[in-house]
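If you're wondering where the values come from, they're calculated on a predicted model, not measured in any experiment. Heavy atoms only: backbone and side chains are in, while hydrogens, waters and symmetry mates are out.
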Amino acid sequence: MTRRHPPGALASGRLAHALLVGPLAGLATACFVPSSPSGAPGPASPRWERVVYDIQVVDSSGRQIAHPFLGGLNLPRPQLADADGDGDLDLFVQEVSDQIMYFENAGGAANPEYRWVSDAFEGLSVGEWYRFADVDLDGDLDLLAEEPFSHIRYYRNDGGTGPASYVLAADTLVDVAGKPIFSDRQNIPNAADIDCDGQLDLLIGRLTGTITRYEAESADEDGIPRFRHVTDSFEEIEIVAAIQGSRHGANTMALGDVDQDGDHDLFWGDFFEAGLLYIENTGTCARPVLRGAPRPFPLRAPVATSGYNAPALGDTDGDGDVDLVMGVLGGAFNPNRTTVDNLYHFEQDGDGGFAATTTRLLPALDVGSESLPALSDLDGDGDLDLLVSNKIESSSTRTAGLYAFENTGAPDAPSFAARGVVPGLPEAYHYAPAFGDLDGDGDDDLLLGQWRDQVAYYRNDGPGPGLLPRWTLVDSAAAVLTRGRNTTPALGDLDGDGDLDLLVGEASGVFNYYRNEGSPSAPEFQLVSDRFQEIDVGRRSVPALVDLDGDGDLDLAAGTETSGLRFFLNEGVATASGEPAFVETAPFGPEVPAFATPAFADIDGDGDRDLVLGGTGGGLVIYRRAEGGT
């Protein structure tokens, strides 16, 4: 039977068949010591400490943000499982390919309090999706995941009733004929004993809106189940969108006994479905019947998001009934608007109804997508304030935003308070701020990159209302690219003449060098090279000029779209004009996301440079130089 659901306003969004890739990879543990570098020698490797909770951030309402420097979430795929064997449900979230974030429940079954532990749970490789399920029916949760490309990997849990211990049991699950089972990597399948016969059933959603069912029938000599194909039309379910004709899309499923009648009910999220669909099992455990019309969930007040919602079931409050956590991956209904509000929690009440308790289960400093940080003493009180830009506002399709956070702590003990969006900036996408004293009056002025080919110059004209200075536009095109777009400026005295020069990254991955031919109080940026020293880091070059090796000159750290941070040491004067000579060196920073936007600053006042990173997720990740580091 074809299940149609109501149409919604179709907007531009992620392609239905796009890979589920995203931001936010960090350290697997809180402290990282790089291995010995290979290739060109670099400075002595510092020790870096990941900071998630130690620096307090409050939002615009004065409420403390629980997970301030988590990095932001755009594509959260949640799961609930007891990883540490303490009897309560911990939280798992996949935000990037091949990694699972792990949050330990430190509060207990009745009062969960999720605390970040790792960005790469047990180092497990999971491809584009993962699913906890009791595959061997021994009472603990094993793990299924994508085996690239579009097969099913099986990790067996050998931890028993204690902490989970995952062992790779099979690269690819196979059917009884030994043929690998295919599961589209855009879809998140599920597994359970759907008919209570003691054999695991594997349910795989297809891009056609149907569900393929396999049932475990035998096991090989290692105890790994082999599956018999049952049907490509499980319960005759076919979920399609009534938008400009029938549409099918990426989908995800969850199975659980929501109504506590002893059988498995079904939840379905779809790229072309703004909400979450619920199909009640009206049969029995032994004879499941899921042939009723899909109903929007929750039944009393259906949720509507940007689409492609990923549910996970579990008793999150220890009251004996099933609750639900839902990630919003973003589908056909303007995914930009859910780049911040995208991890829902629904609590079941005593009479079986569900209510949303939050849309930000893991609240973090998060400005939407593609964050880029900068630090400057905006209010002249001797400590560094924080500014974070984004690609595009979640509440607007017309412009990016630049958010200010005042340092209300001290130079050696920062604490940040949200002060809103910097006003008066032009409507443009991909804001990229850089600060430096360009007019010689002792305060930092602003250069603003954007998606266009220009860098704008705003003069700091002293205190304005509250934290923010009064910014006066001096030149909307202080520097203009000869080709390309997506300007990302960085200021520094590169030629040693006492004024600030300009290095600009761009979408193509090269750097544009503009020498300041003016003076410390009246800059005049003249293009020297639009392929500076032939350095090309691939897509989306984001420069930071900083003395990385402690030799007194400016080196180059380059953020990239696909390869994290790359480092170039200044090996001295290359020409009579005093230009530096940047030579790439082996990485010596911490492991970072693929798309990284760096800023280096001494945020804790201990005399060394810490690393603040933006990225695709819209949040920030901080790595502090650990005590004893170099």
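Separating the CG atom in Leu372 from the CG atom in Leu613 is a distance of 10.0 Å, to the nearest 0.5 Å. Rounded to the nearest 0.5 angstrom, Leu361 CG and His67 NE2 are separated by 7.0 Å. To the nearest 0.5 Å, the span separating CG on Leu447 from CG on Leu491 amounts to 4.5 Å. Distance check: Glu49 CD to Asp604 CG gives 9.5 Å after rounding to the nearest 0.5 Å. In this structure, Thr305 OG1 and Leu329 CG are separated by 9.0 Å, a value rounded to the nearest 0.5 Å. Atom CG of Leu448 sits about 11.5 Å away from atom OG1 of Thr488, to the nearest 0.5 Å.
For the residue pair Pro335 and Gly330, the shortest heavy atom distance occurs at CB-CA, 3.7 Å. Heavy atoms only, all atoms of each residue included: Leu365 and Phe69 are closest at CD1-CE2, 4.0 Å. For Asp171 against Leu168, the heavy-atom pair with the smallest separation is OD1-CD2, 3.4 Å. Between Tyr166 and Leu141, the closest heavy-atom pair is OH-O, 2.9 Å. The two residues Val504 and Tyr514 come nearest to each other via the heavy atoms CG2-CE1, 3.8 Å.
Looking at Ser389, its side chain never comes within 3.5 Å of a backbone N or O of Leu402 through a donor-acceptor pair. Remark: side-chain polar atoms of Asp377 are paired, donor with acceptor, to backbone N or O of Gly382 under 3.5 angstrom. Side-chain atoms of Asp379 do not come within 3.5 Å of backbone N or O of Leu467 as any donor-acceptor pair. In this structure a side-chain-to-backbone donor-acceptor pair under 3.5 Å is missing from Gln56 to Gly409. Panel note: side chain Asp602, backbone Gly607; a donor-acceptor pair is recorded below 3.5 Å. With hydrogens and angles ignored, the 3.5 Å screen pairs a side-chain donor or acceptor of Asp90 with a backbone N or O of Ala83. Judged by distance alone, with hydrogens and angles left aside, the side-chain atoms of Ser183 form no donor-acceptor pair with the main-chain N or O of Glu146 at under 3.5 Å. Side-chain N or O atoms of Thr487 include one that pairs as donor or acceptor with a backbone N or O of Gln450 at under 3.5 Å. In terms of modelled atom types and a separation under 3.5 Å, the side chain of Tyr623 and the main chain of Glu591 share a donor-acceptor contact. A donor-acceptor distance shorter than 3.5 angstrom exists from the side chain of Tyr53 to the backbone of Trp116, with no hydrogens or angles considered.
Taking the side-chain hydrogen bond (donor to acceptor under 3.5 Å, both in side chains) definition, one finds that Arg609 meets it with nothing, sequence neighbours left out. With sequence neighbours excluded, no residue satisfies side-chain hydrogen bond (donor to acceptor under 3.5 Å, both in side chains) with Ser415. Ser376 meets the side-chain hydrogen bond (donor to acceptor under 3.5 Å, both in side chains) test with Asp444; sequence neighbours excluded. The side-chain hydrogen bond (donor to acceptor under 3.5 Å, both in side chains) check on Ser369 picks up nothing, with sequence neighbours excluded.
Considering only heavy atoms from C-beta on, Leu503 comes within 4.5 Å of Leu556 through its side chain. Contact annotation: the side chain of Asp501 never approaches that of Val528 to less than 4.5 Å [non-hydrogen atoms, C-beta and beyond]. Between Pro68 and Phe416, every side-chain heavy-atom pair lies at or beyond the 4.5 Å cut-off. Taking the side chain as every heavy atom from C-beta outward, Thr339 and Asn390 never approach each other to under 4.5 Å. No side-chain heavy atom of Asn460 sits less than 4.5 Å from a side-chain heavy atom of Leu446. Side-chain contact between Pro78 and Tyr344 is absent, with no heavy-atom pair separated by less than 4.5 Å. Annotation: side chain of Thr560 is not in contact with side chain of Leu565 (no heavy-atom distance under 4.5 Å). Between Gln186 and Phe271 there is no side-chain heavy-atom pair separated by less than 4.5 Å.
Side chains of Ser125 and Asp98: a donor on one and an acceptor on the other come within 3.5 Å. Looking only at atom types and distance, the side chain of Thr252 has no donor-acceptor partner in the side chain of Arg77 under 3.5 Å away. For the 3.5 Å distance criterion, the side chains of Ser396 and Thr399 fail to qualify, holding no donor opposite an acceptor.
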Please test Tyr102 against Phe121 for ring-ring contact (aromatic ring centres under 6.0 Å, His included), starting from the C-alpha separation and ending with a verdict. CA-CA 6 Å; Tyr102 168 41; Phe121 175 62; 5.2 Å; yes

Before giving the answer on ring-ring contact (aromatic ring centres under 6.0 Å, His included), spell out for Phe92 and Phe132 the whole-Å C-alpha distance, their side-chain angles and the decisive distance to 0.1 Å. CA-CA 10 Å; Phe92 298 83; Phe132 288 106; 4.8 Å; yes

One pair to check against ring-ring contact (aromatic ring centres under 6.0 Å, His included): Phe568 and Phe582. What are the steps and the verdict? CA-CA 5 Å; Phe568 300 81; Phe582 288 128; 7.3 Å; no

Begin from the C-alpha positions of Tyr403 and Glu393 and carry the test side chain to side chain donor-acceptor pair (under 3.5 Å) through to its verdict. CA-CA 11 Å; Tyr403 289 77; Glu393 290 280 66; 2.8 Å; yes

Give the C-alpha distance, both sets of side-chain angles, the deciding distance and a yes or no for side chain to side chain contact (heavy atoms under 4.5 Å, CB included) between Ile55 and Ile603. CA-CA 10 Å; Ile55 299 174; Ile603 60 174; 3.9 Å; yes

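Salt bridge status for Asp366 with Arg360: absent, with no side-chain N to carboxylate O gap under 4.0 Å. We find that Asp606 and Arg625 are not joined by a salt bridge, their nearest charged nitrogen and carboxylate oxygen being 4.0 Å or further apart. Salt bridge absent: Glu506 and Arg483 never bring a charged side-chain N and a carboxylate O closer than 4.0 Å.
Ring orientation note: the planes of Phe532 and Tyr513 are tilted relative to one another, at an angle of 30° to 60°.
For residues 51-60, every residue pair satisfying the salt bridge (Lys or Arg N to Asp or Glu O under 4.0 Å) rule, not counting sequence neighbours, is listed here: Asp54-Arg624, Asp59-Arg63. The salt bridge (Lys or Arg N to Asp or Glu O under 4.0 Å) analysis of residues 401-418, with sequence neighbours excluded, yields the pairs Glu406-Arg419.
At least one test fails for Arg185 against the ring of Phe149: distance under 6.0 Å to the centre or angle within 45° of the axis.
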